Enquirer: 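Quick one: structure below, then a few questions.
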Amino acid sequence: MMVERLTYRYSSGGMRLFLISSLAFLISHFSFLICSAQEAQGYDEFFLQAICEREKGNHDAAFDLLQHCIRLNPEAAEAYFFIAQYYGSMKQNEQALACLERAYELSPDNSTYTETLAQAYTSTQQYDKAIGIFEELVHRETDRDDVLGMLYELYVRNDQLDKAVDALERIEALDGKTERLTMAKSELFTRLGNKKAAISEMKSLADQYPNDLNYRVMYGDALLQNDQKKQALAVYQAVLSEEPQNVQALLSMVSYYASEGDTLKADEVNERLLLNADVEAETRLEIMRREVMNNLRSGADSTRILQLFRKILDMPEADTDMALMCAAYMKLREMPQDSINGMYEQVLRMAPDNAYARLQLVADAWERENLDQVISLCQAARQYNPDDMAFYYYQGFAYFRQDDLDNALDAFQNGVSVITPESNPDLASDFYEMMGELLHKKGMVREAFEAYDSCLVWKADNIGCLNNYAYYLSEMDEQLDKAEQMSYKTIKAEPQNATYLDTYAWILFKQERYAEAKIYMDQTLQYDPDASAVVLEHAGDIYAKNGDMTQALDYWQQALAKASGDSEVKGERKELLKKKIETRKFIKR
């Protein structure tokens, strides 16, 4: 394997190493300073061994060997250069920079050392030093347009604009006149207040390419930017007389009218642009975005903007992004939801797989409790967006709200089938939690517990799952220790949640930890003064086991009164409550 040459690149976090190429470079480009023959031989051996160790990836050994090389020969530029990279990788940037400076001092004609040191100064924002090094380098290597480019950037950062212009002219002498260079020079001349030169630069480009109308527009822009408004207008009008739909000229005309404060004319040209088939979709969107923002800032009515949207959306090349922008604008203007939904429906006619528009319609249908529409929209989405879990989620819940457990379970199971390792953990966990609830309601207890286990794999702190799983285990008198641990997590997370406190109190009761159960039951009733029949029955059972039968009877009687008016409480539960009251004792179900 070839030994690769090292050089630097820099980032805000400090210096970083990159490898270039090869052992041949090391031998031919690094000057070994003359010392005694014995010392030179020893240095050479240790240096080459250091490079071999580096190549093998044994960087600790390479670092130690390079240190030894410097001790043998403190005048060895290449050893300083290479060890600098190790200091850089260890974030010892001051030491790294000192070693680079030493390498450059010992071998100032080495282009690699020179350029690397200049880059190091640039990364540490020592622009004056970087400029000095780059100027020296470009003085030696006059054809280095890349170095001239770096100098240009540094001059601009250092506000040395005259020198920046000089750097661009030297690049231009090497590479020829280009649009990028000419525009950069024109901008610099504008900043320097040399309006004549700024305009002249762009005119020379337009003259060089007389058939390119866009260069003529750019010349007009330079005139406009440098307060030659009438001349700029004449250039734009000349371009538009040759090509009436020239997009760049029309955009510049908008800027011209805006500078004149003629909003009416600016609006007219903007409309020409928006309805121009030659305008790219992104440009049209940006123009319309500006129109919308100006409308919102000015507080003007929505009539003109909505008319523009309608005209654009009637065009054959209308796209969904424009329709979505229209919907967003309508929402900001608090227009009727039916009108906004109509725009989302138009998006779906244009692109049936647009998940965002469909989700907006689903969310609105859900808010209006139109469950049939939710189900219908989600069913269509399963054809166009089969991997989008959100639609299975909404559909499953809609069926659940309709007590259609079979279809609800089918929706969630289909949603689970598209879960991948990259899926959102919260959403994946919720899917399995709902599957667990549905399976439990259908009497498929073991399958429900498996779903809960999967839920907790995705999100170990899913509080709702932990509570329900723990409660169902306690009702079956199974794995009470596991149930208690899960339930305890819920009350630690939400210590004032009466539902979670009731579950924990009930599990403690099942574990025959009656005194502790009473403490948590009292908290439950404190935070839930309108407790359900089930919670009140739990309270009575707990007080009974704590020897307070008077309070237990009171809670059982309250529970029976609540249960009598609750059709969801089963008859056998009501009968059990009556027996407890009649016998004045706890009876296990």
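Small disclaimer: the values here were computed from a predicted structure and weren't measured. The first residue in the sequence is number 1, and the count goes up from there.
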Enquirer: Backbone N or O of Pro425 within a donor-acceptor pair of the Ser429 side chain at under 3.5 Å?
Expert: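 Side chain of Ser429 to backbone of Pro425, a donor-acceptor pair under 3.5 Å: no, none is there.
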Enquirer: Taking the side chain from Tyr236 and the backbone from Gly220, do they hold a donor-acceptor pair closer than 3.5 Å?
Expert: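 Confirmed, Tyr236 side chain pairs with Gly220 backbone.
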Enquirer: In plain terms, say whether Lys265 and Glu260 are close enough for a salt bridge, that is, a side-chain N and a carboxylate O under 4.0 Å apart.
Expert: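 No.
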Enquirer: If you look only at distance, which donor and acceptor atoms sit under 3.5 Å apart when one is on a side chain in residues 172-185 and the other is two or more places apart or in another chain?
Expert:
| from | atom 1 | to | atom 2 | distance (Å) |
| --- | --- | --- | --- | --- |
| Glu172 | OE1 | Lys185 | NZ | 3.1 |
| Lys177 | NZ | Ser204 | OG | 3.4 |
| Thr178 | OG1 | Leu181 | N | 3.2 |
| Glu179 | OE1 | Tyr215 | OH | 3.2 |
| Thr182 | OG1 | Thr178 | O | 2.8 |
| Lys185 | NZ | Glu201 | OE2 | 3.1 |

Enquirer: Please find the pair of heavy atoms, one from Arg54 and one from Tyr86, that lie closest to each other, and give the distance.
Expert: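 That would be CG-OH, 3.0 Å.
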Enquirer: Quick one: list whatever passes salt bridge (charged side-chain N to carboxylate O under 4.0 Å, His left out) with Asp404, sequence neighbours left out.
Expert: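 Testing Asp404 for salt bridge (charged side-chain N to carboxylate O under 4.0 Å, His left out), a comparison that skips the adjacent residues, returns none.
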Enquirer: Search all heavy atoms of Phe412 against all heavy atoms of Leu438 and return the closest pair with its distance.
Expert: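 The answer is CD1-CD1, 3.6 Å.
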Enquirer: Between Asn214 and Asp212, what is the shortest heavy-atom contact and its length?
Expert: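 Of all heavy-atom pairs spanning Asn214 and Asp212, the closest is N-OD1, 3.0 Å.
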Enquirer: Using atom types as modelled and distance alone, determine if a side-chain donor or acceptor of Ser298 lies under 3.5 Å from a backbone N or O of Asn294.
Expert: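 Side chain of Ser298 to backbone of Asn294, a donor-acceptor pair under 3.5 Å: yes, one is there.
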Enquirer: Would you confirm whether the ring centroid of Phe431 sits within less than 6.0 angstrom of the ring centroid of Tyr393?
Expert: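 Tyr393 vs Phe431: aromatic centres under 6.0 Å.
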Enquirer: If only atom types and distance count, is the side chain of Ser376 paired as donor or acceptor with the main-chain N or O of Asp372 below 3.5 Å?
Expert: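 Not confirmed, Ser376 side chain does not pair with Asp372 backbone.
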Enquirer: Closer than 3.5 angstrom, by distance alone: can the side chain of Ser417 be matched with the main-chain N or O of Asn414 as a donor-acceptor pair?
Expert: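 Yes.
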Enquirer: Just to verify, what does Asp387 make a salt bridge (charged side-chain N to carboxylate O under 4.0 Å, His left out) with, not counting sequence neighbours?
Expert: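 Result, salt bridge (charged side-chain N to carboxylate O under 4.0 Å, His left out) vs Asp387: none returned.
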Enquirer: Which atom names give the shortest non-hydrogen contact between Ala198 and Ser186, and what distance separates them?
Expert: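 Nearest pair, atom of Ala198 first, then Ser186: O-OG, 2.9 Å.
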Enquirer: Please walk me through it: do Leu188 and Tyr152 pass side chain to side chain contact (heavy atoms under 4.5 Å, CB included)?
Expert: CA-CA 11 Å; Leu188 287 172; Tyr152 159 72; 3.7 Å; yes
Enquirer: Do any N or O atoms from the side chain of Asp221 and from the backbone of Ser252 form a donor-acceptor pair under 3.5 angstrom?
Expert: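 Not confirmed, Asp221 side chain does not pair with Ser252 backbone.
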Enquirer: Only distances under 3.5 Å count here; give the side-chain donor-acceptor pairs of residues 313-325 to other protein atoms, sequence neighbours excluded, each with its distance to 0.1 Å.
Expert:
| from | atom 1 | to | atom 2 | distance (Å) |
| --- | --- | --- | --- | --- |
| Asp319 | OD1 | Met322 | N | 3.1 |

Enquirer: Kindly determine whether Lys459 and Glu433 satisfy salt bridge (charged side-chain N to carboxylate O under 4.0 Å, His left out), including the steps that lead there.
Expert: CA-CA 10 Å; Lys459 187 181 181 186; Glu433 180 189 2; over 6 Å; no
Enquirer: Should Phe391 and Gln395 be marked as a side chain to side chain contact (heavy atoms under 4.5 Å, CB included) after you check the CA-CA gap, both sets of side-chain angles, and the distance that decides it?
Expert: CA-CA 6 Å; Phe391 294 110; Gln395 188 179 42; over 6 Å; no
Enquirer: When you look at CD of Glu242, are more than 12 heavy atoms from neighbouring residues, nucleotides or ligands closer to it than 6.0 Å?
Expert: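 Yes, the 6.0 Å shell around CD holds more than 12 heavy atoms from other groups.
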Enquirer: Hey, can you pull the donor-acceptor pairs under 3.5 Å for the side chains in residues 355-362, sequence neighbours left out?
Expert:
| from | atom 1 | to | atom 2 | distance (Å) |
| --- | --- | --- | --- | --- |
| Arg358 | NH2 | Pro352 | O | 2.9 |

Enquirer: How close do Trp366 and Val374 get, counting heavy atoms only, and between which atoms?
Expert: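 In this case the closest contact between Trp366 and Val374 is N-CG2, 3.6 Å.
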Enquirer: Do the side chain of Thr116 and the main chain of Thr112 share a donor and acceptor less than 3.5 angstrom apart?
Expert: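 Side chain of Thr116 to backbone of Thr112, a donor-acceptor pair under 3.5 Å: yes, one is there.
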Enquirer: Taking side chain to side chain donor-acceptor pair (under 3.5 Å) as the test, write out the residues that go with Arg140, two or more places apart.
Expert: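 If we apply the side chain to side chain donor-acceptor pair (under 3.5 Å) test to Arg140, skipping adjacent residues, the hits are Thr114, Glu136.
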Enquirer: Checking the side chain of Asn276 only, and the main-chain atoms of Gln245 only, is there a donor and an acceptor separated by less than 3.5 Å?
Expert: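 Here the side-chain-to-backbone pair exists.
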Enquirer: Could you give the distance from CG (Leu274) to CZ (Phe309), rounded to the nearest 0.5 Å?
Expert: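 Answer rounded to 0.5 Å: 9.0 Å.
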Enquirer: Donor-acceptor check, side chain of Asn194 to backbone of Ala197, threshold 3.5 angstrom: yes or no?
Expert: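 Side chain of Asn194 to backbone of Ala197: a pair is present.
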Enquirer: With side chain to side chain contact (heavy atoms under 4.5 Å, CB included) as the criterion, how do Lys163 and Asn158 come out once you've worked through the C-alpha distance, each side chain's angles and the decisive distance to 0.1 Å?
Expert: CA-CA 10 Å; Lys163 288 189 174 183; Asn158 233 25; over 6 Å; no
Enquirer: So Tyr113 and Phe81, ring pair (Phe, Tyr, Trp, His ring centres under 6.0 Å) or not? Walk me through it.
Expert: CA-CA 7 Å; Tyr113 300 168; Phe81 181 76; 4.9 Å; yes
Enquirer: Spell out, as yes or no, whether a donor-acceptor pair under 3.5 Å connects the side chain of Arg272 to the backbone of Pro244.
Expert: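 Indeed, once roles are kept as given, a pair shorter than 3.5 Å links the two residues.
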